[in-house]
Amino acid sequence: MEDYPEEMRSPPVSLVAVAGCPELHQAISAHLHSLQPPINTLALPDLSKISLLIAPNPKDDQSSNPDPVASSGSAGILKRDWLLKHRTKIPAVVAAFFSSDCVSGDPAQWLQLCSDLDNLKAVIRARNIILVLVVVHSHSKDDITEDRMLALRKRAEIDSKLGSIFAELANTYYRDEGRRIKTRIEKKSFSSIELHVRYCFKVAVYAEFRRDWVEAIRFYEDAYHTVREMIGTSTRLPAIQRLVEIKTVAEQVHFKISTLLLHGGKIVEAITWFRQHNASYRKLTGAPEAIFLHWEWMSRQFLVFAELLETSSAAIQSISSLIAGTTERSLTEWEFRPANYYQLAAHYLKEKRSSLEITVSISETLNESDSSADSVVPSVYVGQFARLIEQGDAFLMHPLTDDEYIHYAIAEGKRFQDSFEIIALLKRSYESFSNLEVQRMGALCGFQMAREYYVVGDFTNAKQLFDGVANLYRQEGWVTLLWEVLGYLRECSRKQDQMKNFIEYSLELAALPVLSDIGVQCSRIECGPAGPASIEQKELIHREVFGFIGGELGLTSVTTSTDLKVTGDNQLYLEIDLVSPLRVVLLASVAFHEQIIKPGSSTSITLSLLSHLPLTFEVDQLEVQFNQSACNFIVVNSQRALLDTANDDQWSHRVETAPSLSLSNRWLRLTYDIKPDQSGKLECISVIAKMGPHFTICCRAESPASMGDLPLWKFEDRVDAYPTKDPALAFTGQKATQVEEPDPQVDLNLGASGPAFVGESFVIPVTVASRGHAVHFGELKINLVDVRGDGLFSPRETEPISLDSHHVQLLGMSGPEGEDESNQGVDKIKKIQDSFGLVSVPFLNCGESWSCKLEIKWHRPKPVMLYVSLGYSPDSHDSTAQKVNIHKSLQIEGKTAILISHHFMLPFRQDPLLPSIIKPVPDSDQVATLPLNETSILIVSAKNCSDVPLHLISISVEAEDDNIRKSCSVQNSGDHLDPALLVPGEEFKRVFSVVPKTNVSRLNLGNACIRWRRDSGTEEQSGLAASLVLTKERIPHVNLELSPVVVSLECPPYAILGDPFTYYIKFHNQTQLLQELKLSLADAQSFVMSGSHDDTIYVLPKSEQILGYKLVPLASGMQQLPRFTVTSVRYSAAFQPSSGESTLFVFPSKPHFNTVDVEGKRIESLAAE
Amino acid sequence: MIVCVAVVGHQNNPLYIESFTDADDALKLHHIVHCSLDVVDEQVNNPKKSGPTLNETFLGLLYPTENYKVYGYFTNTKVKFILVTTDLDVRDTDVRNFFRRFHAAYVDAVSNPFHVPGKKITSKTFEKG
Amino acid sequence: MAPAGPRSGDAIFASAERVNAELFTLTYGAIVRQLLTDLEEVEEVNKQLDQMGYNIGIRLVDEFLAKSNVSRCIDFKETAEVIAKVGFKMFLGVTASVTNWDADGTCCSIVLEDNPLVDFVELPDTCQGLYYCNVLSGVIRGALEMVSMKTEVTWARDMLRGDDAFELQVKLLKQVPEEYPYKDDE
Amino acid sequence: MGREVSESCVDSLLTELVSTYSTRFYANKPDLAAHSIEAIGYQVGLQLSERYTMDRPRFSDHLEAIKFICKDFWSELFKKQIDNLKTNHRGTFVLQDSRFRWLSRVSIDPSENGDVSEDNPAGVAENKASLVTKMHLNFPCGIIRGALSNLGIPCAVSADISNLPACSFVVRIKV
Amino acid sequence: MQFFGGSEISPSPPAPTVSGNNANMMYVFNRNGICLLYREWNRPLRTLNPQQDHKLMFGLLFSLKSLTAKMDPTIAEKGNLGVPQLPGQGCSFHSFHTNTYKLSFMETPSGIKLILVTHPRTGDLRESLKYIYNLYVEYVVKNPLYSPGTPIRSEIFNTSLDQYVRSIA
């Protein structure tokens, strides 16, 4: 598209000229240009210049007055410069500027001006250009600033007016011009068809000036058709040039049309139009010697249209919707793709190239006269050429004969390197195709590109492209296409003397399943370097390749004329894996006859080989490789005396001999025994075929069961057979088998005893006893797994008892008893984690045994699975050897042994009034409340809930920090207790008196700690079995409260039937306030009592009031004293001592024994209940 | 006249391709057929664009090349038939008929117990010059 | 009293239950192909096909007799005729003809122009030597053996090998009389 | 082409096919026999589907294809349609033929146990019978699988004969 | 008459000659003398064990056939007595009856022998035997589970047989 002149490519813009007052031009033109639509300005310093610009040229005047001289009209169709002229030289409007002072100046100036105007008019009228006169006022030059302002203002307004004025004037001009010519067309007042075209063209152009696209298109089309008509009729020029001219014009007009259509968004129309264009000219090849011109022209058509389409299709909406829009489906979407047109452009360019070559070859004789071509130049008419002949200083155009023209054209044609042009085109289409993921069309372009590269000898590029294409064709199994491509690839690598690639491509080629009938066809094709795709050709290639392989032939390289061979110093080694295209060349399937085999016992393995090369060929030796290299073996072809090869590893591997190893498209099946000594997976990795001294193919082994199909194409010259004769093996056969490990000859025992208790570190003895096997590199793996599945530890553990969050924990392991584990055990322990352990076992000879102890600690009661596995290798020499494994597991229950509970009691017969208790605040939590500074009692009890007797060492309450210890005193009443034996189910209590001192709202007493140990019978051996266990339980904090009133009751420890005693109720007011208390005393049937039953007492602040009552017991035994209820008015709270407190033992008669003692006991027992 | 007919398998692999030109452009025809698969894919994958009726086996004109017209047909068994012809004004009905007959021939061919996907003998498809 | 004469093959075929021939043809084809893949050797396949045919014949003969109302097959000649005219028709829906008898009437040819077995079939080059329709010979052999005629059936012509018709050569070896199966002494 | 042959041709062919594979070739490898028989069915299904889907628009989804099998395809083979089609809408279909032709004559006498030659208890005889029947069903299973996969629906097909002669085929579409 | 739409039994069985349940038992032998089927409806006393019984019956028929053939006045050349024959060769008998029972006999060219023992006064049962033969073809021969030459164990066959025999007798 670039080779079109600018004026063709862009829509024309109206042109006006301004003359005079040069100082204004700059501003004006800028302004006009900024208008919408813009106007170009032609600026002339003074009027006189304009005549130079538009030299009235009589010959050029046929536009103004119908020209009598038809010859000029018929000399050509379109003038080359006409459009340009109208866009750049001939203004639609001329604006003459005069400054006012020269209007009202001295007559001399005036006269000058008039004359200027006159000859300006003269010039302009010829072209009926519109004249505008502008008089610029500018005032006396005194006061500059003001003058400036004025000037500015005026200029401004002038401009603004000017703009619109110019615009419409220009419009009218173009319209009138257009109309004038149109009328001529309508009344057919033109002498020749050329003129018809020309007029249409002009009208169209004028219309474009006016942005009247519809009319423009109409007339362009008119022009186009008329041109088409000329082909038969016109006789003006010699035939070839005539055609050239017509085509060129047609091209231009068509270009105009499609541009307009596309810019108007009329894609479909544009394309249909192009189709017609293409259809109507494709056949017009013209004279044979000039045919290359035609192809060139065609190519250009496509190229240009492609570019137009590309630029505009960015703007248009999605193609698919467009197609949906098209009613008749004749328009397929591919015609919307620029890529399509690029490709075709390339195609025609190729045509051009070849035909040009032919023409050149024919016309070699004329070469010497080529110089004559130099002087040929484009003539005034579009698509015409003439020889420029120099006569003195004047040049004159001399028309050409066709021969001359052809010379010229050929000379021109030679100057271009078409190949690169073609590649460029293809690349564009290739890229846009691949952008659209239209892979196959892309592939085609790629292929053509590659071929071009190949032609120009750029093999690297060619190879790369070919490879890409080849992949697609392989993948979709397009044999013939693949054949072609491979042929090129083969040549490329030959040219680049890459032996390996060359061999590979050749082999693939030879193995391709070309269908005989296609082969026949291809013999008709001008076929690529691969030659015709036929059986014979395949065999040819096959032989050639094996020639190379054998080292007889050499690859005569282009670069160094020395031909490189497959020899000792450059061995050739091919790999064939599951995806390699060479699978068709060699396919190795390997099947073990058994899935599982015992160690040391032998099994048989069948390896089946298949090749689709056209000729059967012998393999010298096969090497079968396994993951256990000990099993590798070699099969030697007995027919081939093996050369020096492979002797290096003879000694290590066993060697079988086969009568013959000839590969063909029937399975070659070989079955051998194999005797693995190592346990574990035994897999056949690959089969390596050696052919000739220096050539090997390594073929990945495949299981018949999971053998992927060969490439898509089928080789119909054989019924597909199974790799193994035994169909069962064919369906299930695997290239790998499992060799069982020798069964262990070592015992692993877990001596577990009973349930474990939370808190204690539980000991599990583990014994490794060898019988038969020596244990080398022994290793114990220990695993703790929660039986219930919920993890062994909870990350968000809060209670302080188990600070580490583990419920069950592998503490450690200690070496065999006897040796103390502290130093011995530690270094044996490789790793101990909370639930995992790895321990190395020392070397053990047969019969020896070794044992250790595992310590596991439970923080929570839960059952746990203990897995212990021993891995060892029975033989000493290598630690890497397959190990034997023994697994043992054991479930252990973790129980809580000691259950701790506690509760508080107030002091005996003393009742602090604690309002918060008496009338509890609704939202108060259920924590105990203790009176401040009073002695309360805490009872901690430990219950043995295990099923073994436990030794209780101590019960204590341990505060967590000192300030608590200060804030309240906790000491156990009575002295330290000696270890008690708790039989299962028994409970043990301990009493503590608690006296809170400092006034804190809530008091943290700390933990109740119980130290105990299992009762390990009478004799205490030093084992860890009876280690101390500390069980803690946190005592929930208690509220403290200062009780305003404390009521206590006093009476003798016991009474005697019949004799009276006094019974005091003591009220102690601990507040600064007067306390009014109401007391009501209930009768008790076992006592007679004196004194008032109901009473109101006032207790002074910080003082004490005592009421006394005389009582006479009427019955003996434990008797209920009269219950009383105290109600504090101030706190409107009543309270009552517990019935337990208000009982008294009545002896029938006076006893004789130590009272203190009794009392102590009584207290004990009372406290205990 | 018909210059080339092809049968393409569901993996876009050629099952049968036969060109009836003595001109030396068999390879070119192969290329054309192969490329036409792009259009088939396009049409089948978003069927709104495909033939007048949805899921019709006949796909109609795939694309015109410079000198050929390429028609497509897509069977229920994911097999594609491609027809390349030189006469530029063909009536769809003719093409349909051709494809129908061709399909029949194809079915008989694959009914051969020894038929291996790949080669096919549909000799009776030379009709309709 | 005289048993009603043999019914015409067409009548029986018309009255019998029928199925699409394709099913039959394709099934047979598939079997042959599978045999080829399983046995690999063409000769072996021929053998197996014949064996299968034989077993089928053994079963089929009773249906044939029951439906065709044939009450006696003593004479080889007429038996052959019946097989060709009635048997083929009632099963395969095609008629065969019996030709070129030899002098002593113990050998003849059964000729089939049309044979549903081979619709669509084309022998690949690799399967030359395969008697595709060998099952037929087996059937005839088996059936005849059940009516106490030991025969040898071979292919004289095979359309799959380019001949113009299928021709089975049936040779009567001997007629085996019925033996008393028990030992006379208890 | 509307050509027909007597039903007993197909029947006896199948019977013989099964006995050939399951008693002569692979007597002690039932799974192999099954595989081969299924393979044969597969090829037949492949070819039949090719034939019976001629000139009909392409199926837009799996269900359509399955329906085709149940209706047209089945009646081409058995002159009747599948009686009942169930699906779990997750790729499993159950096609039930309440009177499957190829099983219509299958019958053994449970009461009569054993016979002169080899006397085996009824139980053994019976499950032997059901094994043979299953072997027979590999063929239709293969046909269905072949047909479907040729229609672009790879699947696994199994048969269930809880109540003869009704028979249901279970199609599991591979995704 | 047309036989057997598939496995439906369409034809109407020949009307029983005499009404009243008078079928006693039935034998089916194949050409090798193997008793494929023995079925009895009323047979008060049983003296022999099955094997002997079958053997006896087969022997009876065998010799009877050769006897009748030997006695055939219409045919010129006759083999010696006891010389084995082809099935259906020479003349053959359809039935005989004693004062206590009637034995109807049919032999197919394939050597299948059907023996039906009924009440002496039963009429001609040849058609019935033919019919039973067809039953045999439908339900025995065509049963995929049946291997030729082995005793018949087919439920369908037995039931339809019983049904039919009951209808004759």
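Residue numbers begin at 1 in each chain, while the letters A, B, ... track the order of the sequences. Computed from heavy atoms alone, side chains included, the values below leave out hydrogens, waters and symmetry copies.
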With chain D as the partner chain, list the residues of residues 158-169 of chain C whose heavy atoms fall under 4.5 Å from it, by residue number, and write 'none' if nothing qualifies. none

Given heavy-atom pairs under 4.5 angstrom as the criterion, report whether the side chain, backbone, both or neither of C:Leu92 touches chain D. both

D:Tyr42, part contacting chain C, at a heavy-atom distance under 4.5 Å: neither

Atom NZ of residue position D:Lys29 - does it have more than 12 heavy atoms of other residues, nucleotides or ligands inside 6.0 Å? yes

Atom group of C:Val94 that falls short of 4.5 Å from chain D, counting heavy atoms: side chain

What do the steps show when you test C:Gln48 against D:Arg24 for side chain to side chain contact (heavy atoms under 4.5 Å, CB included), and what is the final call? CA-CA 10 Å; C:Gln48 290 301 338; D:Arg24 300 228 312 275; 2.3 Å; yes

C:Tyr132/C:Trp155 aromatic ring centres below 6.0 Å: no

Under the salt bridge (charged side-chain N to carboxylate O under 4.0 Å, His left out) rule, collect the residues that match up with D:Lys134, sequence neighbours excluded. none

Between C:Met90 and D:Ser6, the two heavy atoms sitting closest are O-CB, 3.2 Å

For the student: nearest non-hydrogen atoms of C:Val61 and C:Ala143, plus distance: CG2-O, 3.8 Å

Give me the ring orientation class for D:Phe68 and D:Phe59: parallel if the planes are under 30° apart, tilted from 30 to 60°, perpendicular past 60°. tilted

Using modelled atom types only, decide if a donor and an acceptor are shared between the side chain of D:Thr87 and the backbone of D:Thr92 within a distance under 3.5 Å. yes

In terms of heavy-atom proximity below 4.5 Å to chain D, should C:Gln34 be classed as side chain, backbone, both, or neither? both

Would you compute the distance between atom CG of C:Leu144 and atom CD of C:Gln175 and round it to the nearest 0.5 angstrom? 10.0 Å

Distance-only, no hydrogens or angles: does the C:Asn20 side chain make a donor-acceptor pair with backbone N or O of C:Leu23 under 3.5 Å? no

Determine, stepwise, if the pair D:Phe100 / D:Phe169 fulfils ring-ring contact (aromatic ring centres under 6.0 Å, His included). CA-CA 11 Å; D:Phe100 187 46; D:Phe169 300 91; 5.3 Å; yes

Expected contact set for residues 49-57 of chain C against chain D at heavy-atom separation under 4.5 Å reads C:Gln51, C:Met52, C:Asn55, C:Ile56

Hey, are D:Arg101 and D:Asp11 close enough for a salt bridge, meaning a charged N less than 4.0 Å from a carboxylate O? no

Would you mind checking if C:Asp38 and C:Arg33 are paired as a salt bridge, meaning a charged N to carboxylate O distance below 4.0 Å? no

Proximity breakdown for D:Leu14 and chain C, heavy-atom pairs closer than 4.5 Å: side chain

Best-contacting candidate, D:Val10, D:Ile37, D:Ile40, against chain C by heavy atom pairs under 4.5 angstrom: D:Ile40

Specify the closest pair of heavy atoms between C:Cys133 and C:Asn115, including all atoms of both residues, with the distance to one decimal. SG-ND2, 3.4 Å

Side-chain donor or acceptor of C:Ser109 paired with backbone N/O of C:Val111 under 3.5 Å: no

Considering heavy atoms only, which positions within residues 69-81 of chain D lie below 4.5 Å of chain C? D:Glu76, D:Leu77, D:Lys79

At a 4.5 Å cut-off on heavy atoms, which part of D:Thr20 comes close to chain C: side chain, backbone, both, or neither? side chain

Let me know if C:Leu39 has heavy atoms under 4.5 Å from chain D in its side chain, its backbone, both or neither. side chain

State whether the side chain of C:Asn46 and the backbone N or O of C:Tyr131 hold a donor-acceptor pair below 3.5 Å, judged by distance alone. yes

So for D:Thr15, is it side chain, backbone, both, or neither that comes closer than 4.5 Å to the heavy atoms of chain C? side chain

Is the shortest side-chain N to carboxylate O distance from D:Lys67 to D:Glu64 below 4.0 Å? no

